[in-house]
**Q** 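What follows is a structure written as C-alpha cells; I'll ask about it next.
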Amino acid sequence: MKMDIVREHLEELGLSEVLRVLESRLEQAAKGDWSYLELVERLLTEEVAARRERSLQTRTRLARIPVLKHLEDFDFDAQPGVDRQQIHELATLTFLDRRDNVCFLGPPGVGKSHLAIGLALRALEEGYTAYFTTLDRLVQDLRQAQERGTWEKRLRVYVKPRLLVLDEIGYLPLDREAGNWLFQLVSRRYEQGSTLLTSNKSYGDWGTFLGDPVLATAILDRLLHHSVTVNIRGESYRLRNRRKAGMATVPPHPTDGGDAG
Ligand code: ADP
Ligand code: MG
C-alpha cells in the first residue's frame with residue numbers, strides 16, 4: 001500500500017514528526033481543501049519545529065542548566081532592586097556579540113541565579129553555546145581532572161562556550177591553586193566569549209576570598225575590561241514570600257525591627 005511505503009521512507013529519512021502527524025494532516029487537508037503546497041509546507045514546518053525543540057532540549061541538558069528559570073518568570077514588580085530595562089537590554093544578547101562579561105552582584109535570594117539562567121536559556125534558544133557551573137563545582141571538577149591527568153582537556157569545557165555562567169563566586173574561599181585556575185579560565189576567555197558571573201561579594205572583597213589581592217586585581221582587570229555590572233539590592237525573594245505567608249521569624253534586615261517612620 002502507498003501509505004506503508006510512505007511510512008517506510010519517512011522512517012528511513014528520520015522525519016519522525018511528519019510520520020507522527022501525517023494521517024491527521026492528510027484528513028485535515030482533504031476536509032479543509034488545502035493545496036498540495038500547503039500540505040507539504042505544514043508537514044515540513046512541523047518537522048522543523050519539532051527538531052528545533054529537541055535540539056534545544058539536548059543543548060540545554062548539555063549546558064548543565066540546573067533548573068529551568070526563564071526570564072519571563074521573573075517578577076520585576078517583586079524585585080524593584082532590578083532594573084527592568086537593563087535586563088531587557090541584556091536579553092537582546094548583544095553582549096554576547098561584543099564578548100562582554102556580565103556580573104550580577106547582590107545578597108542571597110534576590111534572583112541572581114534566576115536571571116543568569118534565564119539569559120543562558122535565551123542564548124541557547126538563539127543558537128549560542130552555553131555552559132552553567134558554580135565556582136565551587138568548577139574547582140571540584142578541575143581538581144578531579146588534575147588527579148586523572150586530564151586538567152587541560154577539562155578546562156576546555158569551560159573555555160569553549162560562547163556564554164559561561166559562573167554562579168556563586170565568593171561563597172567559599174579559594175585556595176591558591178583554585179585561584180590560579182580561575183585566573184587562567186578568565187584569561188583564556190578574555191575577548192573570546194562572555195562570562196556571566198554572580199556573586200554576593202563586592203569587587204573589593206575579592207582579595208579576601210581569593211586570599212591574594214594581586215591575583216584578585218589581575219582577574220578583575222580582565223573580567224571587567226568589557227563588562228556590565230548589575231547591582232541588585234533588595235530583600236530575598238524566598239524570605240519575602242515566607243514573610244508574606246506569616247512564616248518568617250526574622251525581619252528581612254536586622255534594622256527593620258520597628259516602625260521607624
Ligand atoms: P540568588 O541567586 O540571588 O541567591 P535566586 O535566583 O536563586 O537568588 O532566587 C531564589 C529563588 O527565588 C529562586 O527560586 C528564584 O527563581 C526565585 N526568585 C527570586 N527573585 C525572583 C523574582 N523577582 N521573580 C520570581 N522568582 C524569583
Ligand atoms: Mg544563586
Side-chain angles (χ1 to χ4, degrees), residues 56-57 60-61 63-93 95 101-125 130-141 158 161 163-174 178 182 185-186 194-206 208-210 219-220 223-224 227-254 256:
L56 179 61
Q57 278 174 15
T60 303
R61 225 176 24 250
R64 298 288 192 275
I65 304 284
V67 276
L68 296 181
K69 299 273 181 185
H70 295 272
L71 289 178
E72 291 77 12
D73 305 328
F74 194 82
D75 182 356
F76 287 94
D77 294 328
Q79 192 51 274
V82 174
D83 181 349
R84 198 185 293 245
Q85 250 341 93
Q86 197 175 21
I87 302 302
H88 282 172
E89 167 59 29
L90 288 170
T92 64
L93 302 180
F95 75 95
N101 299 322
V102 179
C103 308
F104 288 125
L105 304 184
V110 293
K112 301 183 299 296
S113 298
H114 186 138
L115 292 170
I117 291 170
L119 286 171
L121 289 172
R122 180 61 52 82
L124 287 165
E125 279 163 23
Y131 199 88
F132 180 100
T133 186
T134 62
L135 180 59
D136 195 35
R137 237 182 49 206
L138 169 87
V139 170
Q140 277 178 30
D141 187 34
Y158 303 99
L163 176 64
L164 176 71
V165 178
L166 261 185
D167 201 20
E168 298 185 355
I169 292 200
Y171 281 80
L172 297 171
L174 293 191
L182 180 61
L185 177 60
V186 168
S194 298
T195 304
L196 194 172
L197 58 87
T198 81
S199 181
N200 63 338
K201 298 276 192 298
S202 65
Y203 298 131
D205 294 333
W206 280 46
T208 311
F209 90 83
L210 284 166
I219 293 174
L220 285 171
L223 209 52
L224 303 182
S227 71
V228 185
T229 295
V230 182
N231 274 299
I232 307 178
R233 289 179 197 84
E235 65 172 312
S236 158
Y237 188 80
R238 284 179 285 238
L239 259 186
R240 173 185 185 271
N241 281 357
R242 280 172 52 208
R243 204 162 45 83
K244 270 192 169 168
M247 286 171 348
T249 50
V250 244
H253 305 292
D256 274 5

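Heavy atoms only: backbone and side chains are in, while hydrogens, waters and symmetry mates are out. Each ligand, and each atom within it, is numbered from 1 in the order the structure gives.
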**Q** Output yes when the distance from some N or O of ligand 1 to some N or O of Gly111 is under 3.5 Å, and no in every other case.
**A** yes
**Q** Please report the shortest heavy-atom distance between Pro107 and Ile232, naming the atom on each side.
**A** CD-O, 3.4 Å
**Q** Among all protein heavy atoms, pick the one closest to atom 7 (O) of ligand 1 and tell me residue, atom and distance.
**A** Ser113 CB, 3.9 Å
**Q** Please state which protein non-hydrogen atom is closest to atom 17 (C) of ligand 1 and give its distance, to 0.1 Å?
**A** Tyr237 CD2, 3.5 Å
**Q** Tell me the contacting part of Asp73 for ligand 1: side chain, backbone, both, or neither, using a 4.0 Å heavy-atom threshold, strictly below.
**A** backbone
**Q** Just how far is it from atom CG of Leu182 to atom CG of Leu223, taken to the nearest 0.5 Å?
**A** 8.0 Å
**Q** Which residue, Ile219, Thr195, Leu220, forms the side chain to side chain contact (heavy atoms under 4.5 Å, CB included) with Val186?
**A** Ile219
**Q** Just by distance, no angles: are the side chains of Thr229 and Tyr203 close enough, under 3.5 Å, to form a donor-acceptor pair?
**A** yes
**Q** Please confirm whether Val110 comes under 4.0 Å of ligand 1, counting heavy atoms of the residue only.
**A** yes
**Q** List ligand 1 atoms under 4.0 Å from Asp75, heavy atoms only on the residue side.
**A** 22 (C), 23 (N), 24 (N), 25 (C)
**Q** Please determine, by modelled atom types, if Thr198 and Asp167 share a side-chain donor-acceptor pair under 3.5 angstrom.
**A** yes
**Q** Examine Phe76 against ligand 1 and note whether any of their N/O atoms are separated by less than 3.5 Å.
**A** no
**Q** Output the list of atoms in ligand 1 that are nearer than 4.0 Å to some heavy atom of Lys69, sorted by atom number.
**A** 13 (C), 14 (O), 15 (C), 16 (O)
**Q** What atoms in ligand 1 come closer than 4.0 Å to a heavy atom of Pro108?
**A** 4 (O)
**Q** Is the shortest side-chain heavy-atom distance between Leu197 and Asn101 below 4.5 Å?
**A** no
**Q** Counting heavy atoms only, name the option from His70, Gln79, His114 that's nearest to atom 6 (O) of ligand 1.
**A** His114
**Q** For Gly109 and ligand 1, answer yes if some heavy atom of the residue is under 4.0 Å from a ligand atom, otherwise no.
**A** yes
**Q** Answer yes or no as to whether an N/O/S atom of Thr198 is found below 2.8 Å from the Mg ion (ligand 2).
**A** no
**Q** Would you kindly specify which portion of Phe74 sits under 4.0 Å from ligand 1, judged on non-hydrogen atoms: side chain, backbone, both or neither?
**A** both
**Q** Between Tyr158 and Asp141, do the side chains contain a donor N or O and an acceptor N or O under 3.5 Å apart?
**A** yes
**Q** Determine whether Val102 and Leu90 make a side-chain contact, defined as any pair of heavy atoms from C-beta on separated by less than 4.5 Å.
**A** yes
**Q** Tell me the closest heavy-atom pair linking Gln79 and Gly234, and the distance in Å.
**A** OE1-CA, 4.0 Å
